[in-house]
Protein chains: 2
Amino acid sequence: MDISAKTKDDQSPTAGGERLTKQKKVLAQIIDSSDSFQSAQDIFALLRARGENIGLTTIYTQLKLLAAQGGLDFMKSESGETLYRKCSTARHHHHLVCRGCGTTIEIEPPGFEEWADRVSKENHFYDISHVIEITGLCEKCFPRHSKY
Amino acid sequence: MDISAKTKDDQSPTAGGERLTKQKKVLAQIIDSSDSFQSAQDIFALLRARGENIGLTTIYTQLKLLAAQGGLDFMKSESGETLYRKCSTARHHHHLVCRGCGTTIEIEPPGFEEWADRVSKENHFYDISHVIEITGLCEKCFPRHSKY
DNA sequence: GTAATTGCAAAGGATTTGCTCTGGT
DNA sequence: ACCAGAGCAAATCCTTTGCAATTAC
């Protein structure tokens, strides 16, 4: 039971170095060449078909990693799969505004940008822009916050 | 191999009869008394804690059934669970508008209303209302749809 | 009595983990 | 050589299915 040498939380920034493997290149290429959302399984199947065999585990690991680093957008499909797509460059924030005192809180609808992109594309709309505005009364401005 | 008698798609309205079981009542009560989204597992745990033991399978079955009949709203959590909540009465539509010719297409951001409710509640905002506006150029109004 | 329903046990499907081997630098 | 990364096998988690026992009507 040697528990001494286990500095598991070695978060040294840009520590030793990240390695550019063949698998990473292939994945990067696939992600980059698609504008739509794909699941790890999708990519796995695609690669098998294409001849190149990369382990499912690796795909899962890399996609998750990339998403965590903010390099990929992701969302859940209705069937339960996690779908990934290259990051939408834009991405701005939206706000929750109190119509009483003007207090503003920054909010981020999960997957909204992606959804908007997709719906727009499905309907053949281009050069998109959007606005989300949620207004309400904050705690201080709300008459009498009995229940809730 | 008797495939004859299988009228599986027996959609006869109020056909033979649906049975009101103890389990269904309990579930209805639980769903009705909560304003937030809960997973089958959540409800299962809740019931165990409360003493009443209803099978997980039954909970899954009923929730899915109710959702299919439109009696429940549902969404996927980030962790992959399906969350259910009693139907929101309100619910209005939003639009995708072409700023060139004004063409309007009705759209429905999946889970947006629920999300807005939740974020608002989390930030202690009440008496909420919101607007979503996506504008763009439809196929006819877009200069030259080269790529995309 | 009879079909609808329950719920255990087991199957399924997505994703993660343990761990050893491989390959990048 | 050294360690990040690959990937097989097995484990997890949520959900569905098979099916015998139960129960509402």
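Quick caveat: nothing in here was measured; it's all calculated off a predicted structure. Here is how names work: the chains are called A, B, and so on, in the same order as the sequence lines, proteins then strands, and each is numbered from 1.
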Q | Trace of the side-chain contact (heavy atoms from CB on, under 4.5 Å) decision for A:Ile54 with A:Gln62 | A | CA-CA 11 Å; A:Ile54 291 185; A:Gln62 286 306 321; over 6 Å; no
Look at all strands and tell whether [X] reaches a base, only sugar-phosphate, or nothing, counting heavy atoms closer than 4.0 Å.
{"X": "A:Thr82", "result": "sugar-phosphate"}
{"X": "A:Thr58", "result": "base"}
{"X": "B:Asp42", "result": "nothing"}
{"X": "A:Gln62", "result": "sugar-phosphate"}

Q | Contact under 4.0 Å: A:Thr21 side-chain N or O vs D:dA6 OP1/OP2 | A |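 Indeed, a polar side-chain atom of A:Thr21 lies that close.
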Q: Determine: side-chain N/O of B:Tyr60 to OP1/OP2 of D:dT15, distance under 4.0 Å, yes or no.
A: yes
Listing time: all N or O pairs from protein to nucleotides 10-13 of chain D that are below 3.5 Å?
none

Q. Between B:Leu56 and B:Leu20, which has a closest nucleotide on DNA chain C that is more 5'?
A.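 Result of the comparison: B:Leu20.
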Rounded distance (Å) that lies between atom [atom2] of [N] and atom [atom1] of [X]:
{"X": "B:Leu83", "N": "D:dT15", "atom1": "CG", "atom2": "C1'", "answer": "14 Å"}
{"X": "A:Leu27", "N": "D:dG7", "atom1": "CG", "atom2": "C1'", "answer": "13 Å"}
{"X": "B:Ile54", "N": "D:dT22", "atom1": "CD1", "atom2": "P", "answer": "18 Å"}
{"X": "A:Glu52", "N": "D:dA6", "atom1": "CD", "atom2": "C1'", "answer": "15 Å"}
{"X": "A:Gln23", "N": "C:dG24", "atom1": "CD", "atom2": "C1'", "answer": "11 Å"}
{"X": "B:Ile59", "N": "C:dG7", "atom1": "CD1", "atom2": "C1'", "answer": "11 Å"}
{"X": "B:Phe44", "N": "C:dC8", "atom1": "CZ", "atom2": "P", "answer": "7 Å"}
{"X": "A:Gln69", "N": "D:dG5", "atom1": "CD", "atom2": "C1'", "answer": "13 Å"}

**Q.** Option among B:Leu27, B:Thr61, B:Leu72 that satisfies the side chain to side chain contact (heavy atoms under 4.5 Å, CB included) test with B:Leu66
**A.** B:Leu72
(Q) Using side-chain heavy atoms (C-beta onward) and a distance below 4.5 Å, is B:Lys24 in contact with B:Thr58? (A)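 Side chain of B:Lys24 against side chain of B:Thr58, heavy atoms only: no contact under 4.5 Å found.
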Between [X] and [Y], which heavy-atom pair has the shortest distance, and what is it?
{"X": "A:Tyr60", "Y": "A:Gln41", "result": "OH-NE2, 2.8 Å"}
{"X": "A:Glu81", "Y": "A:Ser39", "result": "OE2-OG, 3.2 Å"}
{"X": "A:Phe44", "Y": "A:Ile59", "result": "CA-CD1, 3.6 Å"}

Q. Which of the following nucleotides, D:dA6, D:dC14, C:dA14, is nearest to the side chain of A:Gln41?
A.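 Taking heavy atoms from C-beta onward, the closest nucleotide is C:dA14.
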(Q) Looking only at the side chain of B:Arg19 (C-beta and beyond, no hydrogens), which of the listed nucleotides C:dT16, D:dT23, C:dT6 gets closest? (A)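 Closest nucleotide to the B:Arg19 side chain: D:dT23.
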Q: Quick one: pull up CD1 in B:Ile30 and CG in B:Asp32 and give me the separation to the nearest 0.5 Å.
A: 11.0 Å
**Q.** First encountered from the 5' end of DNA chain D, between B:Tyr84 and B:Lys22
**A.**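 Comparing both residues, the 5'-ward one is B:Tyr84.
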Q: Let me know, please, whether B:Lys64 or A:Asn53 comes out on the 5' side of the other along DNA chain D by nearest nucleotide.
A: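 Mapping each residue to its closest nucleotide by heavy atoms, the 5'-most match is A:Asn53.
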Q.
With clusters defined by side-chain heavy atoms of hydrophobic residues (ILVMFWY) lying less than 4.5 Å apart, directly or transitively, does B:Ile31 cluster with B:Leu46?
A.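 Yes, one cluster joins them.
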